[in-house]
Novice: 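Pasting in a structure now, in structure tokens, and then I'll have a few things to ask.
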Number of protein chains: 2
Amino acid sequence: MDGSEKSITSERIARDLAEAIHEHRLAPGSKLNEDEVGAVYGVSRTVARSALQSLAHQRLVELRRNRGAYVAQPSAREAREVFEARALLEPRTARSAALRMTEADIARLQSHIDEEHAAIRDGRPGRALHLSGLFHVEIARIAEQKTIEEFVALLVARSSLIIALYWQRRSALCESHAHEALIRAFEARDGDLAEELMKNHLLDLVTSLDLRNITSAPASLREVLSP
Amino acid sequence: MDGSEKSITSERIARDLAEAIHEHRLAPGSKLNEDEVGAVYGVSRTVARSALQSLAHQRLVELRRNRGAYVAQPSAREAREVFEARALLEPRTARSAALRMTEADIARLQSHIDEEHAAIRDGRPGRALHLSGLFHVEIARIAEQKTIEEFVALLVARSSLIIALYWQRRSALCESHAHEALIRAFEARDGDLAEELMKNHLLDLVTSLDLRNITSAPASLREVLSP
DNA sequence: GCACGCCAGATTGTATACGAAATTGGATGG
DNA sequence: CCATCCAATTTCGTATACAATCTGGCGTGC
């Protein structure tokens with residue numbers, strides 16, 4: 001259905017790196033050297049470079065001219081903006097999804113949650129976070145909104161970076177309960193409820209972050225320390 | 001104010017090509033040969049390729065493995081999805097913008113409209129369409145939502161392709177009147193009205209398109225002419 | 001002792017070269 | 001006359017080589 005012609009090597013590498021960022025195995029600010037990336041995957045710099053550019057387009061890495069590629073460090077402001085965008089897109093999409101939801105879709109969402117719990121049991125919180133992000137993307141897919149799905153995927157990926165930087169509570173899985181409540185709304189095909197639950201879920205996420213603009217992005221010190 | 005390290009050659013070329021697509025100087029389906037693009041801008045295929053990849057990330061061109069780059073031809077379905085995404089993002093953003101709007105912002109939006117009229121007088125409808133798209137992006141900028149601004153810019157660019165493919169009425173500038181009404185709402189700092197006007201403006205846009213899935217993407221004839 | 005400038009190392013930006021995949025057109029055989 | 005197959009061509013995918021730029025340390029001069 002989709003594009004079709006993917007799976008070019010560079011795209012595969014980009015996906016792999018994105019997953020590593022997603023799962024917090026690569027911390028924000030990490031430098032991604034073209035030679036190193038190429039060496040890791042056994043390809044030349046050309047391919048590694050292409051993968052890094054792809055990630056830059058997704059705002060997961062920042063390219064600095066003649067300096068290199070670094071895992072992005074969203075500022076507190078960017079963090080707020082990402083969640084404001086999600087607040088516009090996701091609740092209405094959850095409503096649409098609720099109305100189109102099939103049994104197979106629900107099963108699939110449930111298995112996502114199960115996997116997530118398994119990851120937590122196995123002590124892989126990064127993987128669990130990744131999966132909980134995919135839950136949101138899956139909802140957009142079920143709503144049959146490919147364009148919105150793309151955007152949600154971008155926003156979820158950036159949210160992962162934001163959580164890595166600004167997460168404050170250690171309360172592990174407030175997430176899952178929200179997701180389970182959503183599933184119940186989906187089972188009832190209750191669009192209104194799904195929309196409302198998603199809205200509150202996103203609000204909870206933002207308030208669980210510490211977005212007073214402490215430190216944030218060392219990238220542009222100039223803006224902070226004017227002479 | 002933006003990123004900072006742009007103006008790499010490939011980004012400049014990508015912007016230039018994007019503008020050409022935006023203004024309908026490059027029709028949907030046009031082939032963009034890497035060698036030709038490189039020759040036009042006096043750079044090597046490496047740089048041309050990078051620019052084309054950038055456009056592919058914006059979904060303005062479609063890359064087909066071992067086939068080349070073609071200006072995208074959104075299907076009727078994609079067209080609908082693009083406008084559904086816009087319907088979620090832009091009305092609320094127009095409301096925010098109305099509340100933050102300064103005199104300078106209003107003047108800037110007005111000059112956009114003036115330029116648009118001038119372009120029409122000069123018989124450059126493509127340029128006028130481009131400018132009317134920038135009007136929407138500008139609103140997101142005024143709302144101080146950089147993330148949403150990015151998305152709106154992407155959607156506006158794709159809308160330009162969609163209009164090139166599915167525009168049916170020759171009624172030139174129903175657009176401008178909607179934009180002028182929006183400006184009046186902004187002048188009054190009337191968020192509710194701005195939101196409502198934007199919502200209706202987008203609805204008008206969709207209904208002015210012919211999205212019965214006739215023909216759409218000749219790219220894959222195979223799907224249309226099954227044996 | 002401090003500041004300025006310069007040089008070496010490293011890393012990215014760009015160009016070119018070679019190999020692989022896919023289409024095109026004609027030749028061949030039925 | 002049509003279908004099939006093969007090679008010639010085009011175009012892309014990847015690797016490598018060279019040039020430009022930045023970082024950091026060293027030395028000289030004040």
Side-chain angles (χ1 to χ4, degrees), chain A residues 3-17 26 29-73 218-222 225 227, chain B residues 3-17 26 29-73 217-227:
Chain A
S4 50
E5 347 277 342
K6 285 295 183 93
S7 75
I8 308 182
T9 317
S10 72
E11 283 303 316
R12 215 182 45 69
I13 295 174
R15 267 198 293 275
D16 198 63
L17 288 174
L26 279 171
S30 307
K31 169 139 199 204
L32 297 175
N33 185 291
E34 294 182 354
D35 279 318
E36 286 182 48
V37 172
V40 166
Y41 292 99
V43 296
S44 78
R45 264 184 55 218
T46 311
V47 178
R49 184 183 186 72
S50 176
L52 292 174
Q53 285 183 331
S54 176
L55 292 173
H57 281 291
Q58 300 171 47
R59 295 279 192 277
L60 283 184
V61 316
E62 186 182 350
L63 293 180
R64 293 189 239 172
R65 189 180 175 83
N66 291 315
R67 299 289 316 281
Y70 298 81
V71 177
Q73 298 181 307
S220 57
L221 270 187
R222 201 164 305 165
L225 308 172
Chain B
S4 50
E5 348 275 341
K6 285 293 184 92
S7 75
I8 308 183
T9 318
S10 72
E11 282 303 314
R12 216 182 45 68
I13 295 174
R15 266 198 294 275
D16 199 64
L17 288 174
L26 279 171
S30 305
K31 170 142 202 199
L32 297 174
N33 185 289
E34 294 183 354
D35 282 315
E36 286 183 48
V37 172
V40 166
Y41 292 98
V43 296
S44 78
R45 261 185 55 217
T46 309
V47 178
R49 183 184 186 70
S50 174
L52 291 174
Q53 284 183 330
S54 176
L55 292 173
H57 280 292
Q58 301 171 48
R59 296 279 192 275
L60 282 184
V61 316
E62 186 181 350
L63 293 180
R64 293 189 241 170
R65 189 181 174 87
N66 291 316
R67 296 290 314 282
Y70 297 82
V71 177
Q73 298 181 309
S220 55
L221 269 187
R222 202 162 306 167
E223 297 174 4
V224 181
L225 307 172
S226 49

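All figures in this text were calculated on a predicted structure; none of them were measured in a lab. Below, chains carry the letters A, B, ... as their sequence lines are ordered, and counting in each starts from 1.
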Novice: To the nearest angstrom, how far is Glu34(A) atom CD from dT14(D) atom P?
Specialist: 15 Å
Novice: When the distance from CG of Leu63(B) to C1' of dG13(D) is rounded to whole Å, what number comes out?
Specialist: 12 Å
Novice: Does Val47(A) form a side-chain contact (heavy atoms from CB on, under 4.5 Å) with Tyr41(A)? I'd like the steps, not just the answer.
Specialist: CA-CA 10 Å; Val47(A) 178; Tyr41(A) 292 99; over 6 Å; no
Novice: Is Thr9(A) close enough to dT14(D) that one of its side-chain N or O atoms is under 4.0 Å from OP1 or OP2 there?
Specialist: yes
Novice: What closest approach, in Å, do Ile13(B) and Val43(B) show between heavy atoms, and which atom pair accounts for it?
Specialist: CD1-CG2, 3.8 Å
Novice: On a heavy-atom basis, which atom in Ser10(A) and which in Ser50(A) lie closest, and how many Å separate them?
Specialist: OG-OG, 3.3 Å
Novice: Could you write out each protein N or O paired with an N or O of nucleotides 5-10 of chain C at a distance under 3.5 Å?
Specialist:
none

Novice: Please give me the minimum heavy-atom distance between Arg45(B) and Glu34(B), naming the atom from each residue.
Specialist: NE-OE1, 3.0 Å
Novice: Quickly work out the Arg64(A) CZ to dT21(D) C1' distance and round it to whole Å.
Specialist: 15 Å
Novice: Atom CG of Asn66(A) to atom P of dA20(D): distance rounded to whole Å?
Specialist: 12 Å
Novice: If you compare all heavy atoms of Val37(B) against all heavy atoms of Ala48(B), which two are closest, and at what distance to 0.1 Å?
Specialist: CG1-CB, 3.8 Å
Novice: I want to verify a distance call: between dT11(D), dT12(C), dT23(C), whose nearest atom is closest to the Arg67(B) side chain?
Specialist: dT23(C)
Novice: Considering only heavy atoms from C-beta outward, does the side chain of Gln58(B) approach that of Leu55(B) to under 4.5 Å?
Specialist: yes
Novice: Would you give the length of the straight line joining atom CZ of Arg64(A) to atom CD of Glu62(A), rounded to the nearest 0.5 angstrom?
Specialist: 5.0 Å
Novice: Can you tell me the distance, in whole Å, between the CZ atom of Arg12(A) and the P atom of dG13(D)?
Specialist: 16 Å
Novice: Any residue in residues 38-58 of chain A with a heavy atom nearer than 4.0 angstrom to DNA chain C? Just list them by number, or reply none.
Specialist: Arg45(A), Arg49(A)
Novice: Before giving the answer on side-chain contact (heavy atoms from CB on, under 4.5 Å), spell out for Ser54(A) and Gln53(B) the whole-Å C-alpha distance, their side-chain angles and the decisive distance to 0.1 Å.
Specialist: CA-CA 8 Å; Ser54(A) 176; Gln53(B) 284 183 330; over 6 Å; no
Novice: State, with a plain yes or no, whether a side-chain heavy atom of Leu17(A) is found less than 4.5 Å away from one of Val61(A).
Specialist: no
Novice: Expressed in angstrom and rounded to an integer, what is the separation of Arg65(A) atom CZ from dT23(D) atom P?
Specialist: 13 Å
Novice: If I take atom NZ in residue Lys31(A) and atom P in nucleotide dC22(D), what distance separates them, rounded to the nearest angstrom?
Specialist: 13 Å
